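Taking it in order: structure first as structure tokens, then the write-up.
Only a predicted model underlies this, so the values are computations on that prediction, with no experimental measurement involved.
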Amino acid sequence: MAFGDYPAEYNPKVHGPYDPARYYGKPDTPFGQVKLGELGSWFGRRSKGPSAIAGAFSRAWWRWNHKYVQPKRAGIAPFFQITAAAMTFFYVINYGKLKHHRNYKHH
């Protein structure tokens with residue numbers, strides 16, 4: 001599969017129009033229905049390569065985009081979510097500098 005191609009599992013005659021938020025591979029047990037004893041084998045069946053991880057991030061992005069950004073009457077939620085994510089990100093990357101400015105009460 002080259003960059004920009006459809007997934008190998010996608011068949012337009014079976015699946016209809018392509019949806020980037022959908023996984024077209026072989027269906028497996030959802031994570032919420034996995035029993036504790038089956039957790040190791042469930043993780044073993046996952047593909048852990050870079051393209052699989054990029055595909056998972058891409059599907060998550062498109063699911064979020066379809067739910068919050070692209071509806072006809074989109075609200076203000078995506079702006080607050082992006083703001084909260086940016087605040088968290090910048091706090092984490094600046095934590096080393098911020099921890100030196102703590103106020104301690106010395107007795």
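For Tyr24, the ring-ring contact (aromatic ring centres under 6.0 Å, His included) partners are Tyr10, His15, Tyr18, not counting sequence neighbours.
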Please set out all donor-acceptor pairs under 3.5 angstrom arising from side-chain atoms of residues 52-59, sequence neighbours excluded.
from: Arg59; atom 1: NH1; to: Gly55; atom 2: O; distance (Å): 3.4

Donor-acceptor contacts under 3.5 Å from residues 25-33 side chains, at least two apart:
from: Asp28; atom 1: OD1; to: Arg45; atom 2: NH2; distance (Å): 3.4
from: Asp28; atom 1: OD2; to: Arg45; atom 2: NE; distance (Å): 3.1
from: Asp28; atom 1: OD2; to: Arg45; atom 2: NH2; distance (Å): 3.4
from: Asp28; atom 1: OD2; to: Arg46; atom 2: NH1; distance (Å): 3.3
from: Asp28; atom 1: OD2; to: Arg46; atom 2: NH2; distance (Å): 2.9

Could you tabulate the donor-acceptor pairs under 3.5 Å formed by side-chain atoms of residues 65-73, not counting sequence neighbours?
from: His66; atom 1: ND1; to: Trp62; atom 2: O; distance (Å): 3.4

Taking only distance into account, with no hydrogens and no angle test, what donor-acceptor pairs under 3.5 Å do side-chain atoms of residues 77-92 form with protein atoms, sequence neighbours excluded?
from: Gln81; atom 1: OE1; to: Trp64; atom 2: NE1; distance (Å): 2.6
from: Thr83; atom 1: OG1; to: Phe79; atom 2: O; distance (Å): 2.7
from: Thr88; atom 1: OG1; to: Ala84; atom 2: O; distance (Å): 2.9

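For the atom pair Asp19 CG and Arg63 CZ, the distance stands at 8.5 Å (nearest 0.5 Å).
No more than 12 heavy-atom neighbours from other residues, nucleotides or ligands sit within 6.0 angstrom of NZ on Lys35.
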